[in-house]
There are 2 protein chains.
Amino acid sequence: MNLLAEKLTNNQQTVLDLLEGSKEPLKAYAILFDIQKKGIKSPLQVYRALDKLIEIGKVHKIESKNSYIACNNSNCNSQTSTSFLICEICDKVTELKKNNLSGYFSKVSDKSNFKYTKHNLEIYGACKACKNKI
Amino acid sequence: MNLLAEKLTNNQQTVLDLLEGSKEPLKAYAILFDIQKKGIKSPLQVYRALDKLIEIGKVHKIESKNSYIACNNSNCNSQTSTSFLICEICDKVTELKKNNLSGYFSKVSDKSNFKYTKHNLEIYGACKACKNKI
DNA sequence: ATTTGATATGTTATATTATTACATGTAATA
DNA sequence: TATTACATGTAATAATATAACATATCAAAT
């Protein structure tokens with residue numbers, strides 16, 4: 001399967017467009033509300049689109065917020081592993097781009113006799129803009 | 001407030017006992033089901049107990065599983081930050097004990113001009129027992 | 001061009017997870 | 001004992017997510 005060539009359906013594209021235009025992660029029902037004018041009427045339509053977008057790496061779920069965010073890496077190779085910086089003040093979320101976290105976590109896991117496959121990291125704190133206001 | 005001296009109420013102790021006796025993380029409604037014989041009748045009673053136990057660091061929530069687990073550190077100083085190894089095969093969850101992850105994440109955050117406060121790390125893979133079976 | 005198979009859609013209903021609201025209880029303490 | 005701060009009990013409801021089933025679409029293989 002060629003991820004880059006993946007062609008999105010209408011519903012998937014509609015959801016992705018909304019997420020890409022959002023400054024903050026969105027919840028599923030917020031997405032539903034926002035795109036009802038585009039003919040999407042039920043939660044399931046949203047969840048199905050999200051599932052697919054997550055599967056192909058275009059969207060990530062922020063587990064601790066039950067929210068979804070468009071991937072900001074041009075060619076995200078992290079369909080599975082994700083790392084976020086989440087501002088507790090303004091709710092802005094930044095995805096940590098390609099880095100060596102996976103390698104590091106793999107080593108940490110090894111020490112516990114655990115075979116690393118993937119990870120989800122959610123770091124909370126204050127973003128640049130907000131920490132300067134404190 | 002002295003966390004060590006914190007005295008638990010009946011409901012809190014009942015929930016904690018159950019979690020400490022469980023090999024796997026439990027969901028809130030599974031907890032409710034298991035302790036109805038002890039007089040806890042409503043979800044809210046469970047969630048309130050969990051909230052308190054999380055607040056004092058005796059219990060952690062595993063966000064990606066909507067599940068709760070007793071802290072296995074004798075004196076957990078991580079009421080906030082948590083790190084787990086989650087086996088995708090048997091669902092066993094191990095909490096990474098006191099380590100230097102916070103320091104590492106603080107540095108990683110700094111590079112993005114972000115002030116680290118706390119984190120949640122969920123590593124997925126295969127535990128010792130399960131990876132040997134593959 | 002048609003059949004086939006895989007995937008996506010639409011719709012209704014329902015399951016699962018979590019909170020609001022409000023009245024009452026308990027226990028330490030000023 | 002009046003006050004304060006938590007904790008409880010109960011009912012209702014909100015928020016998040018999935019099941020079930022009938023159709024539809026569309027590309028690949030024949």
Side-chain angles (χ1 to χ4, degrees), chain A residues 1-19 22 24-69 79 91 120 122, chain B residues 1-3 5-19 22 24-69 79 91 93 120 122:
Chain A
M1 180 176 70
N2 184 345
L3 294 180
L4 299 178
E6 190 82 24
K7 187 157 185 307
L8 300 180
T9 64
N10 281 346
N11 287 0
Q12 290 158 13
Q13 191 64 56
T14 300
V15 170
L16 182 58
D17 286 346
L18 180 66
L19 283 173
S22 172
E24 292 147 27
L26 297 176
K27 289 174 173 262
Y29 279 73
I31 293 170
L32 174 60
F33 179 82
D34 282 349
I35 59 182
Q36 285 199 328
K37 62 193 73 162
K38 308 222 171 174
I40 291 182
K41 295 177 181 173
S42 79
L44 193 47
Q45 291 173 297
V46 174
Y47 282 108
R48 284 200 281 226
L50 287 172
D51 285 347
K52 184 66 182 181
L53 291 167
I54 288 169
E55 183 191 329
I56 64 176
K58 294 278 192 191
V59 165
H60 304 303
K61 179 175 185 181
I62 299 171
E63 296 287 353
S64 62
K65 295 175 91 73
N66 294 321
S67 296
Y68 304 85
I69 188 171
Q79 293 91 324
D91 283 334
N120 175 45
E122 299 173 358
Chain B
M1 180 176 69
N2 184 346
L3 294 179
E6 190 81 24
K7 187 156 184 306
L8 300 179
T9 65
N10 282 346
N11 286 0
Q12 289 158 12
Q13 190 66 56
T14 299
V15 170
L16 183 57
D17 286 348
L18 180 67
L19 284 173
S22 171
E24 293 147 27
L26 297 176
K27 288 173 173 263
Y29 279 73
I31 293 170
L32 174 59
F33 179 83
D34 282 349
I35 58 181
Q36 286 198 325
K37 62 193 75 165
K38 307 224 171 174
I40 291 183
K41 294 176 183 173
S42 80
L44 190 48
Q45 291 173 298
V46 172
Y47 282 109
R48 283 200 282 224
L50 286 172
D51 284 349
K52 185 66 182 182
L53 290 166
I54 288 169
E55 183 191 330
I56 64 177
K58 295 279 190 188
V59 166
H60 305 304
K61 180 175 185 181
I62 299 172
E63 296 288 353
S64 62
K65 296 176 90 73
N66 294 321
S67 297
Y68 303 86
I69 189 170
Q79 292 92 322
D91 282 335
V93 173
N120 176 45
E122 299 174 357

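Letters A, B, ... are given to chains in the order of the sequence lines, protein chains preceding strands, and every chain is numbered from 1.
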Compile the donor-acceptor pairs under 3.5 Å between side chains in residues 31-50 of chain B and protein atoms, sequence neighbours left out, one pair per line.
{"residue": "B/Ser42", "atom": "OG", "partner": "B/Gln45", "partner atom": "N", "Å": "3.4"}
{"residue": "B/Gln45", "atom": "OE1", "partner": "B/Lys41", "partner atom": "N", "Å": "2.7"}
{"residue": "B/Gln45", "atom": "OE1", "partner": "B/Ser42", "partner atom": "N", "Å": "2.9"}

Practice task
Can you pull out how bent the helix from C/dA1-D/dT30 to C/dA30-D/dT1 is, comparing the axes over its first five and last five pairs, to 10°?
Solution key: 20°

Exercise for the section: Look up atom NE2 in A/His60 and atom OH in A/Tyr68, then write down how far apart they are to the nearest 0.5 Å. Expected result: 13.5 Å

Practice task
Give, for atom CG of B/Leu53 and atom NZ of B/Lys58, the distance between the pair rounded to the nearest 0.5 Å.
Solution key: 9.0 Å

Completion exercise
The answer to which of A/Ala28 and B/Pro43 contacts DNA chain D further toward the 5' end, by nearest nucleotide, is B/Pro43

Could you state the [atom1]-[atom2] distance from [X] to [N], rounded to the nearest angstrom?
X: B/Leu32; N: C/dT17; atom1: CG; atom2: C1'; value: 12 Å
X: B/Ile31; N: C/dA18; atom1: CD1; atom2: C1'; value: 13 Å
X: B/Tyr29; N: D/dA17; atom1: OH; atom2: C1'; value: 14 Å
X: B/Lys52; N: D/dC6; atom1: NZ; atom2: P; value: 8 Å
X: B/Leu8; N: D/dA7; atom1: CG; atom2: P; value: 10 Å
X: B/Asp51; N: C/dT20; atom1: CG; atom2: C1'; value: 14 Å
X: B/Ile56; N: D/dC6; atom1: CD1; atom2: P; value: 14 Å
X: A/Tyr47; N: C/dT16; atom1: OH; atom2: P; value: 15 Å

Listed partners of [X] passing side chain to side chain donor-acceptor pair (under 3.5 Å), at least two apart:
X: A/Lys65; result: A/Asp91
X: A/Glu63; result: none
X: A/Ser22; result: none
X: B/Asp51; result: none

Exercise for the section: Mind checking A/Lys65 for me? I need base, sugar-phosphate or nothing, with any heavy atom below 4.0 Å counting as a touch. Expected result: nothing

Problem - Heavy-atom protein contacts under 4.0 Å, nucleotides 25-30 of chain C, coded B base, S sugar-phosphate only, - none - result: ------

Problem - A/Asn10 atom CG, over 12 foreign heavy atoms within 6.0 Å - result: no

Problem - Any donor-acceptor N/O pair, A/Gln12 side chain to A/Lys52 backbone, under 3.5 Å - result: no

Fill in the blank from the handout: Checking B/Ile69, B/Val59, B/Leu19, B/Asn66 against B/Pro25 for side chain to side chain contact (heavy atoms under 4.5 Å, CB included), the one that qualifies is B/Ile69

Handout entry: D/dC6 OP1/OP2 closer than 4.0 Å to side-chain N/O of B/Lys7
Key = no

Handout entry: side-chain N/O B/Lys27 vs C/dT16 OP1/OP2, d < 4.0 Å
Key = no

Could you write out each protein N or O paired with an N or O of nucleotides 9-11 of chain C at a distance under 3.5 Å?
{"residue": "C/dT9", "atom": "OP1", "partner": "A/Thr9", "partner atom": "OG1", "Å": "2.8"}
{"residue": "C/dG10", "atom": "OP2", "partner": "A/Asn11", "partner atom": "ND2", "Å": "3.1"}
{"residue": "C/dG10", "atom": "OP2", "partner": "A/Gln45", "partner atom": "NE2", "Å": "2.3"}
{"residue": "C/dG10", "atom": "O5'", "partner": "A/Gln45", "partner atom": "NE2", "Å": "3.4"}
{"residue": "C/dG10", "atom": "N7", "partner": "A/Arg48", "partner atom": "NH2", "Å": "2.4"}
{"residue": "C/dG10", "atom": "O6", "partner": "A/Arg48", "partner atom": "NH1", "Å": "3.1"}
{"residue": "C/dG10", "atom": "O6", "partner": "A/Arg48", "partner atom": "NH2", "Å": "3.3"}

